[in-house]
Amino acid sequence: MSSNKIQSLSPGQRAWLRFKANRRGYISLWIFSILFVLCFFAEVLSNDKPLVVKYDGDYYFPVVKVYSETIFGGDFETEADYTDSFVRGQLTADDNWMIEPIIPYSYNTINFVSDLPNPAPPSSQNYLGTDDRGRDVLARVIYGFRISVWFALALMVIGVVIGIIAGSVQGYFSGKTDLIMQRIIEVWSSMPELYLLIIFASIFQPSIWLLIILLSLFGWMGLSDYVRAEFLRGRNLDYVRSARAMGLTNFTIMSRHLLPNSLTPVITFLPFRISGAILALTSLDFLGLGVPPTTPSLGELLAQGKENIEAWWLSLSAFIVLVGTLMLLIFIGEALREALDTRKN
């Protein structure tokens with residue numbers, strides 16, 4: 001592209017061109033986006049319920065709706081067990097048929113028909129083997145990856161919002177406001193985060209929301225320092241003084257003039273904050289302080305691998321997914337950092 005055409009582009013368009021020029025980061029973004037979309041439809045890819053069932057001329061969608069066993073000729077009013085031989089025989093007899101997911105297991109489905117003791121190695125039934133309770137490892141990896149990504153995104157959004165608010169107030173008003181808030185942050189950052197997690201885990205029932213709340217209390221402080229520095233640098237520039245002279249409110253100056261020019265470090269650190277949140281959740285699950293035991297988790301698979309050293313597929317599966325995800329996010333973060341560097345052509 002000629003230099004004249006490049007100069008006619010907006011700053012955002014030039015940043016996107018710089019990002020695309022980094023092939024490693026650009027390809028990593030595509031791979032991570034595809035994996036994220038696929039794991040969003042985990043119930044369609046991996047489930048012990050059929051996607052579509054045709055029975056006695058009617059169509060049913062068990063993956064999105066609960067049907068009792070009596071609908072398919074059974075005796076019980078409870079939800080049909082589609083792994084049961086009787087139910088499967090009913091659904092495949094005569095003109096009946098069903099379409100199953102690619103992986104016929106959910107994250108909590110136990111393979112009762114396996115001839116191998118659990119944890120079982122990879123086989124044609126379970127492509128990545130089973131864990132110590134007979135659950136499919138591939139299904140738990142898919143669902144665990146989705147939980148990790150959603151957890152990291154939620155933690156990132158909360159931390160970014162709190163960090164921007166705290167840093168902008170400190171940097172814009174400075175003086176006593178900055179001094180008092182900085183002392184509060186120093187005291188709060190000295191709190192033993194791991195000990196607090198252990199205490200709350202013993203008091204409350206472990207849940208993903210409890211972890212998000214606890215980690216959000218500490219995850220915003222690092223980002224607020226960068227926003228504070230940007231606001232301190234820009235609060236005395238000429239365009240900010242002109243905005244004050246025109247009578248604009250402090251909120252308008254902060255949100256419309258200073259904040260857009262202070263988002264470079266925020267955007268640059270987003271992939272690294274996501275990777276840090278995924279690593280934090282995995283570490284807490286490995287220590288038994290994270291999500292409940294029945295919840296699919298990469299850290300829980302690593303803990304099982306530690307307890308079952310001979311079952312190499314447990315640790316290896318979680319390790320490959322975790323390291324691969326972190327590498328993709330790091331490559332995306334490096335490409336973002338170069339894309340937002342206006343000194344590069």
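Just so it is clear, the values below take in all heavy atoms, side chains as well, and ignore hydrogens, waters and symmetry mates.
- F112 forms part of a hydrophobic cluster together with I110, judged by ILVMFWY side-chain heavy-atom separations under 4.5 Å.
- Its side chain within the 4.5 Å cluster rule, Y107 clusters with Y143 among the Ile, Leu, Val, Met, Phe, Trp and Tyr residues.
- In this structure, the separation between CD1 on I158 and CD1 on I213 is 8.0 Å, given to the nearest 0.5 Å.
- Heavy atoms of other residues, nucleotides or ligands lying less than 6.0 angstrom from CG of D58 number more than 12.
- The CD1 atom of I199 sits 11.5 Å away from atom CG of L289, with the distance rounded to the nearest 0.5 Å.
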Checking D225 against Q182 for the side-chain contact (heavy atoms from CB on, under 4.5 Å) test, could you report, in this order, the C-alpha distance in whole Å, the side-chain angles of both residues, the deciding distance, and whether it holds?
CA-CA 9 Å; D225 292 337; Q182 197 66 17; 4.2 Å; yes
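- Residues passing the side-chain contact (heavy atoms from CB on, under 4.5 Å) test with P50, sequence neighbours excluded: V53, P62, Y82, M98.
- As a member of the Ile/Leu/Val/Met/Phe/Trp/Tyr network built from side-chain separations under 4.5 Å, M246 groups with nothing else and remains a singleton.
- Between G159 and W220 the shortest heavy-atom distance is O-CB, 3.5 Å.
- A side-chain donor-acceptor contact under 3.5 Å links D285 to the backbone of V291.
- Proximity of a side-chain donor or acceptor of R244 to a complementary backbone N or O of I253 within less than 3.5 Å is not detected.
- If you check the side chains of T109 and S106, you find no donor sitting under 3.5 Å from an acceptor.
- For F286, there are no ring pair (Phe, Tyr, Trp, His ring centres under 6.0 Å) partners at least two apart in sequence or on another chain.
- Crowding of R183 atom CZ: a count of heavy atoms from other residues, nucleotides or ligands under 6.0 Å exceeding 12.
- Aromatic ring pairs are classed by plane angle as parallel below 30°, tilted from 30° to 60° and perpendicular above 60°; the pair Y55 and Y60 is tilted.
- Between the side chain of N96 and the backbone N or O of Q90 there is at least one donor-acceptor pair closer than 3.5 Å.
- Here the closest non-hydrogen pair linking T295 and R140 is O-NH2, 3.4 Å.
- Closest of all the heavy-atom pairs between L232 and G171 is CD2-O, 3.4 Å.
- Under the side-chain contact (heavy atoms from CB on, under 4.5 Å) criterion, S68 pairs with T70, I71, E77, sequence neighbours left out.
- Side-chain atoms of S317 do not come within 3.5 Å of backbone N or O of L314 as any donor-acceptor pair.
- Qualifying ring pair (Phe, Tyr, Trp, His ring centres under 6.0 Å) partners for F41, counting only residues two or more places apart in sequence or in other chains: none.
- Counting only distance, with no hydrogens or angles, the side chain of S46 and the backbone of A42 share no donor-acceptor pair below 3.5 Å.
- Heavy atoms of other residues, nucleotides or ligands lying less than 6.0 angstrom from CH2 of W97 number more than 12.
- Looking only at distances, a side-chain donor or acceptor of R241 sits under 3.5 Å from a matching main-chain atom of N236.
- Between the side chain of Q170 and the backbone N or O of R228, no donor-acceptor pair lies under 3.5 Å.
- In terms of the ring pair (Phe, Tyr, Trp, His ring centres under 6.0 Å) criterion, residue partners of F36 (sequence neighbours excluded) are, by chain and number, W150.
- Of the possible polar contacts, none joining the N22 side chain to the R18 backbone as a donor-acceptor pair under 3.5 Å is found.
- Taken from CG in L281 to CG in L298, the straight-line distance is 8.0 Å, to the nearest 0.5 Å.
- A 6.0 Å sphere centred on CZ of F40 holds no more than 12 heavy atoms belonging to other residues, nucleotides or ligands.
- The pair R24-E338 does not count as a salt bridge, with every side-chain nitrogen at least 4.0 angstrom from each carboxylate oxygen.
- Annotation: Y239, atom OH; neighbour count of heavy atoms from other residues, nucleotides and ligands within 6.0 Å is above 12.
- Contacts of I164 classified as side-chain contact (heavy atoms from CB on, under 4.5 Å), with partners at least two apart in sequence or in another chain: V160, V227, L259, L263, V266.
- Shown here are the side-chain contact (heavy atoms from CB on, under 4.5 Å) partners of N111, two or more places apart in sequence or in another chain: Y105, V113, S114, Q125, N126.
- Within the hydrophobic cluster formed by Ile, Leu, Val, Met, Phe, Trp and Tyr side chains joined at under 4.5 Å, directly or through other members, F251 stands alone, with no partner residue.
- Considering K65, E79, E100 as possible partners of K49, the one that fulfils the side-chain contact (heavy atoms from CB on, under 4.5 Å) test is E79.
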Would you check, one step at a time, whether the test side-chain contact (heavy atoms from CB on, under 4.5 Å) holds for I278 with T325?
CA-CA 9 Å; I278 293 176; T325 304; 3.9 Å; yes
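- Judged by distance alone, the side chain of S315 and the main-chain N or O of W312 form no donor-acceptor pair under 3.5 Å.
- With W313 contributing its side chain and G305 its backbone, the two residues share no donor-acceptor pair below 3.5 Å.
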Apply side-chain contact (heavy atoms from CB on, under 4.5 Å) to the pair N250 and F173, showing each step before the final yes or no.
CA-CA 9 Å; N250 292 328; F173 294 102; 3.7 Å; yes
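- For the atom pair CG of L215 and CG of L155, the computed distance is 5.5 Å after rounding to the nearest 0.5 Å.
- The ring pair (Phe, Tyr, Trp, His ring centres under 6.0 Å) test applied to W188 returns F218, not counting sequence neighbours.
- Around atom CE of M327, no more than 12 heavy atoms belonging to other residues, nucleotides or ligands sit under 6.0 Å away.
- Inspection of the T83 and D48 side chains reveals no N or O donor paired with an N or O acceptor under 3.5 Å.
- Remark: E300 does not engage R133 in a salt bridge, criterion side-chain N to carboxylate O under 4.0 Å.
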Verdict with supporting geometry, S33 and L29, side-chain contact (heavy atoms from CB on, under 4.5 Å):
CA-CA 6 Å; S33 301; L29 177 62; 4.0 Å; yes
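- The neighbour count for I203 CD1, taken as heavy atoms of other residues, nucleotides or ligands under 6.0 Å away, is above 12.
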